[in-house]
Amino acid sequence: MFDTLSDRLAATFKNLRGKGRLSEADIDATAREIRIALLEADVALPVVRAFIKQIKERATGAEVSQALNPAQQVIKIVNEELVGILGGETRRLRFAKNPPTVIMLAGLQGAGKTTLAGKLGQWLKSQGHSPLLVACDLQRPNAVNQLSVVAERAGVGIYAPEPGNGVGDPVQVAKDSIEYAKTKVHDVVVVDTAGRLGIDQELMQQAADIRDAVSPDEVLFVVDAMIGQDAVNTAEAFRDGVGFDGVVLSKLDGDARGGAALSIAHVTGKQIMFASNGEKLDDFDAFHPDRMASRILGMGDMLSLIEKAEQTFSQAEAEKMAAKLQKGPKEFTLDDFLAQMEQVRKMGSISKLLGMLPGMGDVKDQINNLDERDVDRTAAIIKSMTPGERSEPTIINGSRRARIAKGSGVDVSAVKNLVERFFEARKMMSKMAQGGGMPGMPGMPGSGGGPGRQKKKQKQAKGKQRSGNPMKRKQQELADAQRREEAAQQGGAFGLPAGGQGGQDFELPDEFKKFMG
């Protein structure tokens, strides 16, 4: 959603690289480009004005003029101000001292409240709670059935005493759900309310009546992140008519310009608490302003990636695998390879995972075009092998490859390539497990960058002495400055390879290729 904004900001910061100091004209030009980028992203005009004002004030101050690297200091300022307009610190749910905690969802029809109720229920369940979804949207056709299906998929409780489709009193259902939750020992109640195609008095009155009936601990306003400026207007109307405590962004994986996300917290004064970025129930998580700002600026989101890995991978299994690899490469079999691959797949889309890595902004087109089915094809090939072939792939000859290819529906060459990639990956992983370090990484044991190599480089560096002749020394300094300038111009916005036109020359590192089909 923020691709266009990220591209414009990256191009703007690229122009700052290599400058020893920033003039007032440089700062004005940068502020102008950032202003255009935000307006093109459909960010509300008052937010843009406040944002640019803060950046110009800070960029012309001492923290930039006295900085060793003014360009990086400006990027740091933009990052901090982005975090500020996105809400600052992460806002957590408030839970009632005496359960159940009541969470009411409000918003327009089509914003995704019902599906989001299921996502929130599953997320709460993963946090150790016992949520109950309450069907108070008794107006929209099949809304009650939809919530029942979503609750079943999420594995959480459902309270739906009325059939809906225009039948039943939503206020009474909401009121009765609290006693039902206490009886069935549910500690969180999520109330799904009805929406309208637009703001009207009937919608506001019904939402206000439900709010008064259940006295919710949290009222969450669900907004479609793809509707642009109208999201801000709708949020202000709900804030004034019903009131809400936090915002949930749905459809954050869309291809709209995303200005609503950057505007809503600043305009309404209410923070974004959750974001939904896909159709699956687990495409949902708490909203972290600092991480979102980091993504927008192309710096990745390593914290979220680590959290996903911790949720997916078992510590016991990881230790077991490490112990197996330390015994020798032959202990790591294709069964283990398949298990690791399936664990990574549980973390979500490979494209989304790669997008969380820093510096991947220049190659997002290639990442988006990755074929997720390659993992399925690799799994099919391995599952078409016999147990003996999986434990000892060296026995796979021509006839065995033909049988495996026929069983998995791929070419014989695909089977051959998989086995070769497996041997390479096994060798690399075993070397890392035994303390050998990542191949090709300087300064790490076993990587060609050990102490002996470093000492040799240090001696070579000492041999390059500055001339005692002032004229020659001046020429050396000018040559060094020119080389640094050329290196900076060849780099991307954050010192990474620019990769030609939009990163067309970029190829995934070999370490990634070994795990891709």
**Request:** Over 60° means perpendicular and under 30° means parallel, so classify the ring planes of W123 and F284, tilted if in between.
**Result:** perpendicular
**Message:** Within the 3.5 Å criterion, strictly below it, is a donor on T333 or D336 matched to an acceptor on the partner's side chain?
**Reply:** yes
**Asked** Taking only residues two or more places apart in sequence, or in another chain, which ones meet H129 in a ring pair (Phe, Tyr, Trp, His ring centres under 6.0 Å)?
**Response** F95
**Request:** Output all residues satisfying side-chain hydrogen bond (donor to acceptor under 3.5 Å, both in side chains) with E81, sequence neighbours left out; order by chain, then residue number.
**Result:** R58
**Request:** Would you mind reporting whether L93 and F274 have side-chain heavy atoms less than 4.5 Å apart?
**Result:** yes
**E420, CD: over 12 other non-hydrogen atoms inside 6.0 angstrom** = yes
**Request:** State, with a plain yes or no, whether a side-chain heavy atom of L38 is found less than 4.5 Å away from one of I34.
**Result:** yes
**Prompt:** So, T268 side chain and E236 main chain: donor-acceptor pair closer than 3.5 Å or not?
**Reply:** no
**Asked** Do any N or O atoms from the side chain of R401 and from the backbone of D411 form a donor-acceptor pair under 3.5 angstrom?
**Response** no
**Prompt:** Under the 3.5 angstrom rule, does the side chain of K125 hit a backbone N or O of G155 as a donor-acceptor pair?
**Reply:** yes
**Message:** In the structure I gave you, are the side-chain heavy atoms of L124 and V156 within less than 4.5 Å of one another anywhere?
**Reply:** no
**Inter-residue atom distance R390.CZ - K383.NZ, 0.5 Å rounding** = 8.5 Å
**Request:** Check for a donor-acceptor pair, side chain of T193 on one end and backbone N or O of A207 on the other, with a separation under 3.5 Å.
**Result:** no
**Message:** Check whether R140 reaches the backbone of A194 with its side chain - one donor and one acceptor, N or O, closer than 3.5 Å.
**Reply:** no
**Fill in**
Closest non-hydrogen contact found for V189 with S177 is CG1-OG, 4.1 Å
**Asked** Does any non-hydrogen side-chain atom of L132 lie less than 4.5 Å from one of K184?
**Response** no
**Message:** Any side-chain to backbone donor/acceptor pair from N142 onto N165? Under 3.5 Å, distance only.
**Reply:** no
**Request:** Please report the shortest heavy-atom distance between G121 and P131, naming the atom on each side.
**Result:** O-CG, 3.3 Å
**Prompt:** How close do A117 and L133 get, heavy atom to heavy atom, and via which atoms?
**Reply:** O-CD2, 3.5 Å
**Prompt:** Under the side-chain hydrogen bond (donor to acceptor under 3.5 Å, both in side chains) test, which residues partner R211, sequence neighbours left out?
**Reply:** none
**Prompt:** Does any non-hydrogen side-chain atom of V223 lie less than 4.5 Å from one of L249?
**Reply:** yes
**Request:** Please tell me if the side chains of P163 and V144 come closer than 4.5 Å, counting only heavy atoms from C-beta onward.
**Result:** no
**Request:** Locate the shortest heavy-atom distance separating L138 from G168; write the atom from each residue and the value.
**Result:** CD1-C, 3.5 Å
**Request:** For residues P393 and F423, report the shortest heavy-atom separation together with the two atoms involved.
**Result:** CB-CZ, 3.8 Å
**Item:** Contacts of R94 that satisfy salt bridge (charged side-chain N to carboxylate O under 4.0 Å, His left out) - sequence neighbours left out
**Value:** E218, D245
**Prompt:** Do T234 and F221 have side chains that get closer than 4.5 Å, going by heavy atoms?
**Reply:** yes
**Message:** Could you work out, with side chain to side chain contact (heavy atoms under 4.5 Å, CB included) as the rule, every residue matching D212, not counting sequence neighbours?
**Reply:** none
**Fill in**
Taking every heavy atom of C136 against every heavy atom of V173, the minimum-distance pair comes out as SG-CG1, 4.0 Å
**Qualifying residues under ring pair (Phe, Tyr, Trp, His ring centres under 6.0 Å), relative to Y180, sequence neighbours excluded** = Y159
**Prompt:** Are the side chains of S276 and V248 in touch, meaning some heavy atoms are under 4.5 Å apart?
**Reply:** no
